[in-house]
Novice: 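Next up is a structure, given as structure tokens.
Keep in mind the model is a prediction, meaning the values are calculated, not measured. Heads up: numbering here begins at 1 and tracks the sequence.
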Amino acid sequence: MAVQYTKNRIYECALKLAGKRSMNKITVRDIVAECEITRNTFYYYFHDIYDVYTSFVDSKIEELVKQADTDAEAAVFDFIELAAGYKKVWMNLYKGVGHDRLSKFASEKLERLIMMSISKEYDIESISALDLEIICTFYEEAVFGILVRWLKDSRFDTKEELKYSLERIRVLFEGQLELLINNSLRK
């Protein structure tokens with residue numbers, strides 16, 4: 001229990017700092033000072049500050065897949081909502097690591113989420129590797145594209161605008177993943 005508490009505390013402090021400034025301006029020293037822990041404690045759990053953010057997103061993906069139960073698409077929508085809730089963090093990550101690196105990171109995480117979600121609902125072996133790659137790429141590009149637009153567009157700074165936008169995404173994309181997979185299985 002203490003292990004998870006400490007990890008969560010480090011996540012909380014790192015996210016708080018990332019909400020205030022760019023990733024390349026945050027040090028391990030900053031995180032341990034914010035958390036009031038030793039450097040050894042930090043390094044017991046994480047290799048570096050990027051490992052903190054990667055681990056945080058991975059843990060959230062695990063939660064999203066469990067919560068989505070058998071609805072693969074719901075996990076993707078929940079990821080979008082989760083990402084939107086950390087707009088300042090994503091913006092500072094975007095500024096700190098750049099478009100290409102953040103795109104690669106987000107794509108890897110989204111592919112993992114999509115594959116885990118699909119495998120809960122479908123026999124993944126019956127879907128061609130090429131089709132899975134295309135489906136994952138479609139969702140990765142769509143979700144990351146939306147995220148980058150949100151980061152750059154001040155209209156989505158208000159919770160109301162963001163909430164409305166998220167609701168529209170759910171409405172517009174609902175059923176698309178199932179349709180893509182069913183089309184793959186038929187042909």
Novice: Could you list the cluster mates of L130? Members are the ILVMFWY residues connected by side-chain heavy atoms closer than 4.5 Å, either directly or through other members.
Specialist: I134
Novice: With distance as the sole criterion, is a donor-acceptor pair present between the side chains of S22 and N24 under 3.5 Å?
Specialist: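 Indeed, the side chains of S22 and N24 share at least one donor-acceptor pair under 3.5 Å.
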Novice: Please report the shortest heavy-atom distance between I114 and C136, naming the atom on each side.
Specialist: CG2-SG, 3.8 Å
Novice: Begin from the C-alpha positions of K7 and F56 and carry the test side chain to side chain contact (heavy atoms under 4.5 Å, CB included) through to its verdict.
Specialist: CA-CA 9 Å; K7 284 181 85 169; F56 174 76; over 6 Å; no
Novice: With distance as the sole test, does S107 use its side chain to make a donor-acceptor pair with the main-chain N or O of S103 at under 3.5 Å?
Specialist: yes
Novice: Kindly assign one of parallel, tilted or perpendicular to the pair H99 and F144, based on the angle between their ring planes and the thresholds 30° and 60°.
Specialist: perpendicular
Novice: With hydrophobic residues grouped by side-chain heavy-atom distances under 4.5 Å, do L172 and F77 end up in a single group?
Specialist: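 Cluster IDs for L172 and F77 match.
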Novice: Minimum heavy-atom separation for A14 to I31, with atom names?
Specialist: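 Nearest pair, atom of A14 first, then I31: CB-CD1, 4.0 Å.
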Novice: What I want to find out is whether D30 reaches K20 closely enough, with some N-O distance under 4.0 Å, to be called a salt bridge.
Specialist: no
Novice: Under 4.0 Å between a side-chain nitrogen and a carboxylate oxygen: does that hold for K104 and E108?
Specialist: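 Judged by the 4.0 Å cut-off on N to carboxylate O distance, K104 and E108 do form a salt bridge.
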Novice: Show the nearest heavy-atom pair for residues N182 and Y122, with the distance to one decimal.
Specialist: OD1-CE2, 4.4 Å
Novice: Under 4.0 Å between a Lys/Arg side-chain N and an Asp/Glu carboxylate O for R9 and E34?
Specialist: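 The answer is no: the pair does not qualify as a salt bridge.
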Novice: Salt bridge or not for R170 and E167, using N-O below 4.0 Å?
Specialist: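 Salt bridge flag = no for E167 with R170.
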Novice: Before accepting this row, confirm whether a basic side-chain N of the pair R112/D58 lies closer than 4.0 Å to the acidic partner's carboxylate O.
Specialist: yes
Novice: Report yes if the side chains of T27 and I49 come closer than 4.5 Å at any heavy-atom pair, otherwise no.
Specialist: no
Novice: Would you mind reporting whether Y139 and L180 have side-chain heavy atoms less than 4.5 Å apart?
Specialist: yes
Novice: In terms of relative ring orientation, are W90 and F79 parallel, tilted or perpendicular, with 30° and 60° separating the classes?
Specialist: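 It falls in the perpendicular class, over 60°.
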Novice: How far apart are the closest heavy atoms of I124 and S119, and which atoms are they?
Specialist: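 Shortest heavy-atom separation between I124 and S119 comes out as CD1-CB, 4.0 Å.
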Novice: Taking all non-hydrogen atoms of both residues, which atom of R29 and which atom of R39 are closest, and how far apart?
Specialist: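 Taking every non-hydrogen atom into account, N-NH1, 3.6 Å.
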Novice: Ignoring hydrogens and geometry beyond distance, is a side-chain donor-acceptor pair present between S55 and Y11 at under 3.5 Å?
Specialist: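 The criterion, which ignores hydrogens and geometry beyond distance, is satisfied for Y11 and S55.
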Novice: For the pair Y94 (side chain) and V89 (backbone), establish whether a donor and an acceptor sit closer than 3.5 Å, ignoring hydrogens and angles.
Specialist: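 A pair under 3.5 Å: no.
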Novice: Could R101 and Y50 be counted as a cation-pi pair, given that NZ or CZ must be under 6.0 Å from the ring centre and within 45° of the axis?
Specialist: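 The answer is yes, since R101 meets both limits relative to Y50.
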Novice: Y45 versus D51: any side-chain heavy-atom pair under 4.5 Å?
Specialist: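 In short, these two side chains do not touch, never coming nearer than 4.5 Å.
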Novice: What residue pairs, at least two apart or across chains, pass salt bridge (charged side-chain N to carboxylate O under 4.0 Å, His left out) with a residue in residues 127-147?
Specialist: none
Novice: Looking only at heavy atoms, what is the nearest atom pair of C35 and I10, with distance?
Specialist: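 Where C35 meets I10 most closely, the heavy atoms are SG-CA, 3.7 Å.
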Novice: Please check if any side-chain donor atom of E12 sits under 3.5 Å from a side-chain acceptor atom of N8, or the reverse.
Specialist: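 Result is no, nothing qualifies.
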Novice: Less than 4.5 Å apart, side chain to side chain, heavy atoms only: is that true for R168 and F173?
Specialist: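 A side-chain contact under 4.5 Å is absent here.
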